[in-house]
Participant: 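Next up is a structure, given as structure tokens.
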Amino acid sequence: MNSTPASTAVHDAPLLTVADSLRDPRYYLVNFENVLTWVSERYNDLLDDDERDFITRFQGLPVASKALLVRMVMRKGEHFRLDRLNYDEIGDIDAALAPLIEQGLVDNSPCLTLDRLFDLFTRDELVGLFRDHLPRPRDRKALLKEALAPTFDQALVPEAWAAAAGRAMVADVVCLTVMPVCERLRLMFFGNLRQQFSEFVLADQGIYRFEVVPFTPDSRAFQSRADIERYWQIHDCRERFEAGGDMDEVLAALPECIGDSVWLEARRGRVIHAIARHCERQGELVRAAELYGHSGQAEARIRRIRVLERLGEHQPALALCTAAQHAPASEAERQQAARIQPRLHRALGMAKPLSQADAPVRRCDLALPRSGSVERTVREHLDSPEAPVFYVENTLINALFGLLCWEAIFAPLPGAFFHPFQSGPADLMRPEFYLQREQLFQRCLARLEEGTWRETIQQRYREKQGIQSPFVHWGALDDELLSLALECLPPAHLRAWFERLLTDIRANRAGMPDLIRFYPQAPEGTSRYEMIEVKGPGDRLQDNQKRWIAFCARHDMPVTVCHVRWQSEEGAS
DNA sequence: TCCTCGTTTG
DNA sequence: TTCACACCGTCCT
DNA sequence: GACGGTGTGTCTCAAACGAGGATT
Ligand SMILES: [Mn+2]
Ligand SMILES: [Mn+2]
């Protein structure tokens, strides 16, 4: 029943109508109306006039017009050629369009920039339209646009374009005016702008399957209008910045420091951090340092140290570096600070600090004939029936964690789940995630000592098969791998890995070795597995890999770094 | 006339 | 949209 | 060696389609 989350996910709440996408040709309209109903019911107190007005107008439309509008909303961009809107289930487009224009939901004579025109029309059509203005009509489309740009730098309505070019337009163009309001409704429904309305069909078809987590009828992503606006503002700023918008304008458009929402403040901080990064690259170091200071991001301290170093301000840099080493925000910061400190000491003419060498790692060297990926090559080479090798990287340990702790991860905590298409709890990456579920996780982890972890993981593997999870990538698992892993990995090691993961999910869910080798025939009590990080020529251990290896060394877990060099063709070696 | 890439579809 | 790798250049010791 | 930048491949939901540019 996970394939139809809409029908089962909501506990004590009005059910979403399930669009039978196999038979209803207007399945997308059913889904969209479900969103409107959902949002109206849950956000009645937070909707603004724009949103209310849209919902009212939409509901008053004939069904063909509603369908056409939703088709446009779900397609890319806001501008459409009428001759590209062909839908059997809608029929006569002009008839469906008329009420949309009448209600102001669609503009039938929109201003178009040259860029827009080039998006809408094909190369051949544009050559026809601008026949009299193109010296080299055989050029690439991009060059044609460049040639026209100086002359046609105004946004014009279609009729004016025809007049300016001296030819008739080959198709009518309309523009959706309701895209922003639809985006806000999407944001309110999903709590993010990453998920599209298409999640509905994919879930209906069982392509996406989501865990069914009960939540109360008043559950929603946002609790205040201000949060919706600020989320929107931050998102808008990030988009503008990524599109190369002016930095000062973007910074000015960001909301003020958000005191009442750690979550939004962190999102705001990430945009500031990205802008600071950009300044740093541009050589605007002072500006960068200042922005890093405002970002509130944990990684910002190291960046500020680097910037101060580049500015020649070694004394303040060292002060920050010492602070970072004294109370590192993360293992990653400790690691980086330890690398920077000797440089600063040298620059300041201070005594060379005692450096602490990396923990020694078991190492092996291989010369192999060149072929596809190094990891696959080494896997093939080492694999044997008695000691099978798998190329798993992060997927195995994360999956074991995700399966063992399934109930804790999908626990119905208030605020964690609020729509049927979530692959995990909304607060997964927030710092309080673990603390708010400590008991639940400890209960799951206790199975490692109670001796029931194998059954639990196998059972979850079977019963949750294919359901989206932030930790389980189903394609990377199979029965053989899972059985061997459960047989050979000691529960104490699993606990250590899982607890490490829980201390910082974002940082610790990556960096695990490429390969894992099992020794199922080794006697009980000896090491029956080995993790192998493969390094091709010219690749060295990354920071997160070093951290993982150091962690394993502290816990007596077998890790080997396997260095590969390619055998030359002639066998000259 | 192919090949590649982005978009649309359910 | 993520993570890992390959490979480049730069500074510095 | 440290550090940063860039590009690539693996993911992609999968299939169909169309536009553009390279290929012949
Ligand atoms: Mn790897
Ligand atoms: Mn590797």
Side-chain angles (χ1 to χ4, degrees), chain A residues 3 19-31 70-77 80-81 84-89 118-127 138-145 192-209 242 277-278 280-283 302-303 305-307 309-310 335-336 338-344 346-347 352 355 358 372-376 391-395 398 423 429 466 468 470 473-476 506-514 533-546 548 564 566:
Chain A
S3 62
D20 184 345
S21 55
L22 290 177
R23 289 189 309 117
D24 186 347
R26 286 194 282 253
Y27 67 91
Y28 53 89
L29 175 55
V30 176
N31 294 334
V70 177
R71 281 292 196 186
M72 289 195 278
V73 167
M74 293 186 68
R75 278 172 60 164
K76 195 188 174 187
F80 302 93
R81 294 165 57 150
R84 296 284 156 86
L85 296 173
N86 296 306
Y87 297 103
D88 289 344
E89 80 280 4
F118 268 67
D119 290 340
L120 285 163
F121 295 95
T122 68
R123 212 197 70 99
D124 289 351
E125 290 165 340
L126 291 160
V127 169
R138 314 205 52 162
D139 274 355
R140 297 202 323 267
K141 201 177 181 183
L143 291 175
L144 296 181
K145 183 154 77 178
N192 64 66
L193 286 166
R194 193 181 50 80
Q195 289 180 281
Q196 307 290 319
F197 289 127
S198 61
E199 307 263 325
F200 282 80
V201 213
L202 297 179
D204 276 346
Q205 294 187 343
I207 291 167
Y208 285 169
R209 299 176 59 218
E242 281 166 2
R277 214 46 230 230
H278 179 75
E280 195 184 342
R281 274 189 266 264
Q282 300 296 302
I302 290 293
R303 297 311 323 156
I305 297 170
R306 283 285 298 136
V307 168
E309 187 188 13
R310 285 178 65 189
Q335 200 176 13
Q336 291 178 292
R339 222 160 35 210
I340 296 172
Q341 192 210 25
R343 272 204 317 269
L344 293 173
R346 204 177 317 117
K352 191 175 175 182
S355 60
D358 286 343
S373 85
V374 238
E375 295 90 350
R376 262 177 258 281
Y391 179 19
V392 294
E393 270 180 345
N394 311 312
T395 58
N398 284 344
S423 59
M429 293 304 182
Q468 302 281 317
H473 298 288
W474 295 97
R506 204 194 287 278
N508 294 330
R509 71 176 169 179
M512 301 165 207
D514 298 312
E533 171 54 39
V534 178
K535 285 295 158 198
D539 184 22
R540 287 171 311 136
L541 289 174
Q542 326 232 335
D543 279 2
N544 59 359
Q545 295 173 334
K546 284 186 196 160
W548 177 266
V564 177
W566 297 121

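Note that the structure is predicted; figures quoted are calculated from it, not measured. The chains referred to below are lettered A, B, ... by the order of the sequence lines, with proteins before strands, and numbering in each begins at 1.
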Participant: With the threshold set at 4.0 Å, does a side-chain nitrogen-carboxylate oxygen contact exist between A/Arg339 and A/Asp543?
Facilitator: yes

Participant: Taking the minimum atom-to-atom distance to the side chain of A/Asp514, which one of C/dC5, D/dG4, D/dG20 wins?
Facilitator: C/dC5

Participant: Would you measure the distance from the C1' atom in D/dG4 across to the matching atom in B/dG10 and give it in whole Å?
Facilitator: 44 Å

Participant: Do you know the tightest heavy-atom contact between A/Val534 and A/Asp514?
Facilitator: N-OD2, 3.0 Å

Participant: If you find the nucleotide of DNA chain C closest to A/Glu375 and the one closest to A/Arg194, which residue's nucleotide is nearer the 5' end?
Facilitator: A/Arg194

Participant: Pick the P atom in B/dT4 and in D/dT10, then give their distance to the nearest Å.
Facilitator: 15 Å

Participant: Could you tell me whether the phosphate oxygens of D/dC13, OP1 or OP2, come under 4.0 Å of any side-chain nitrogen or oxygen in A/Tyr208?
Facilitator: yes

Participant: Specify the separation, in whole Å, of atom CD of A/Gln205 and atom C1' of B/dT9.
Facilitator: 9 Å

Participant: Given that both distances must come in under 3.5 Å, which nucleotide forms a Watson-Crick or G-U wobble pair with B/dC3?
Facilitator: D/dG20

Participant: Decide whether A/Gln205 and A/Tyr27 meet the rule of one side-chain donor and one side-chain acceptor closer than 3.5 Å.
Facilitator: no

Participant: If you define the side chain from C-beta out and look only at heavy atoms, does anything of A/Phe197 sit under 4.5 Å from A/Val70?
Facilitator: no

Participant: May I ask you to say what A/Gly511 touches in the nucleic acid, namely base, sugar-phosphate or nothing, with a heavy-atom cut-off under 4.0 Å?
Facilitator: sugar-phosphate

Participant: In whole angstrom, what separates A/Leu120's CG from D/dA19's P?
Facilitator: 13 Å

Participant: Tell me whether the OP1 or OP2 atom of B/dT9 has a side-chain N or O from A/Tyr27 closer than 4.0 Å.
Facilitator: no

Participant: What nucleotide among B/dG10, C/dA4, C/dA6 has an atom nearest to a side-chain atom of A/Val201?
Facilitator: B/dG10

Participant: With respect to the side chain of A/Arg140, which nucleotide from D/dA22, B/dT7, C/dA4 is positioned closest?
Facilitator: D/dA22

Participant: To the side chain of A/Ile340, which of D/dC3, D/dG20, B/dT9 is closest?
Facilitator: D/dC3

Participant: The side chain of A/Arg540 lies closest to which of these nucleotides: C/dC5, D/dA2, B/dT8?
Facilitator: D/dA2

Participant: Without decimals, in angstroms, what is the distance between A/Arg75 CZ and B/dG10 C1'?
Facilitator: 15 Å

Participant: Do any side-chain nitrogens or oxygens of A/Arg343 fall under 4.0 Å of OP1 or OP2 in C/dC12?
Facilitator: no

Participant: Would you name the heavy atoms of A/Arg310 and A/Glu280 that are closest together and state the gap between them?
Facilitator: NH1-O, 3.6 Å

Participant: Hey, does A/Arg509 reach any base, or is it just sugar-phosphate, or nothing, if we go heavy atoms under 4.0 Å?
Facilitator: sugar-phosphate

Participant: By nearest nucleotide on DNA chain B, pick out whichever of A/Ser198 and A/Lys76 is the more 5' one.
Facilitator: A/Lys76

Participant: Base, sugar-phosphate, or nothing: which does A/Arg303 touch, judged by heavy atoms less than 4.0 Å apart?
Facilitator: sugar-phosphate

Participant: Quick one: A/Gln282 CD to D/dG4 P, roughly how many Å, whole number?
Facilitator: 16 Å

Participant: Of the candidate nucleotides C/dA4, B/dT8, D/dG4, which contains the atom at the shortest distance from the side chain of A/Gln545?
Facilitator: C/dA4

Participant: How is A/Arg84 classified with respect to the nucleic acid when contacts are heavy atoms under 4.0 Å: base, sugar-phosphate, or nothing?
Facilitator: sugar-phosphate

Participant: Mind checking if A/Asn544 touches a base, just sugar-phosphate, or nothing, with heavy atoms under 4.0 Å?
Facilitator: sugar-phosphate

Participant: Could you give the CG-to-P distance, from A/Asp539 to D/dG9, as a whole number of Å?
Facilitator: 16 Å

Participant: Rounded to whole angstroms, how far apart are CD1 on A/Ile207 and P on D/dA14?
Facilitator: 8 Å

Participant: Given D/dC3, C/dA4, B/dT8, which nucleotide is nearest the side-chain atoms of A/Glu393?
Facilitator: C/dA4

Participant: So which atom in A/Pro513 and which in A/Trp548 form the shortest heavy-atom distance, rounded to 0.1 Å?
Facilitator: CD-NE1, 3.1 Å

Participant: Would you indicate, yes or no, if C/dA6 has its OP1 or OP2 atom less than 4.0 angstrom from a side-chain nitrogen or oxygen of A/Lys535?
Facilitator: no

Participant: If we take the C1' atom in both B/dC2 and D/dT12, what is their distance in whole Å?
Facilitator: 25 Å

Participant: Nearest-nucleotide wise, let me know which of A/Asn394 and A/Arg346 is further upstream toward the 5' end of DNA chain C.
Facilitator: A/Asn394

Participant: Mind listing the closest non-hydrogen atom pair of A/Ile340 and A/Ile305 along with its distance?
Facilitator: CG2-CG2, 3.8 Å

Participant: Could you please name the partner base of D/dT10, counting Watson-Crick and G-U wobble pairs only when both distances are under 3.5 Å?
Facilitator: none

Participant: What is the distance, to the nearest angstrom, from the CD atom on A/Gln336 to the P atom on D/dC3?
Facilitator: 8 Å

Participant: Using a cut-off of less than 4.0 Å, is there contact between a side-chain N or O of A/Arg376 and OP1 or OP2 of D/dT10?
Facilitator: no

Participant: Categorize A/Gln196 for me: base, sugar-phosphate, or nothing, with a 4.0 angstrom heavy-atom threshold over every strand shown.
Facilitator: nothing

Participant: Take atom CG of A/Asp119 and atom P of D/dA19, then tell me their distance rounded to the nearest Å.
Facilitator: 14 Å

Participant: Side-chain contact, heavy-atom cut-off 4.5 Å: A/Glu533 with A/Gln542?
Facilitator: no

Participant: May I ask you to say what A/Tyr391 touches in the nucleic acid, namely base, sugar-phosphate or nothing, with a heavy-atom cut-off under 4.0 Å?
Facilitator: nothing

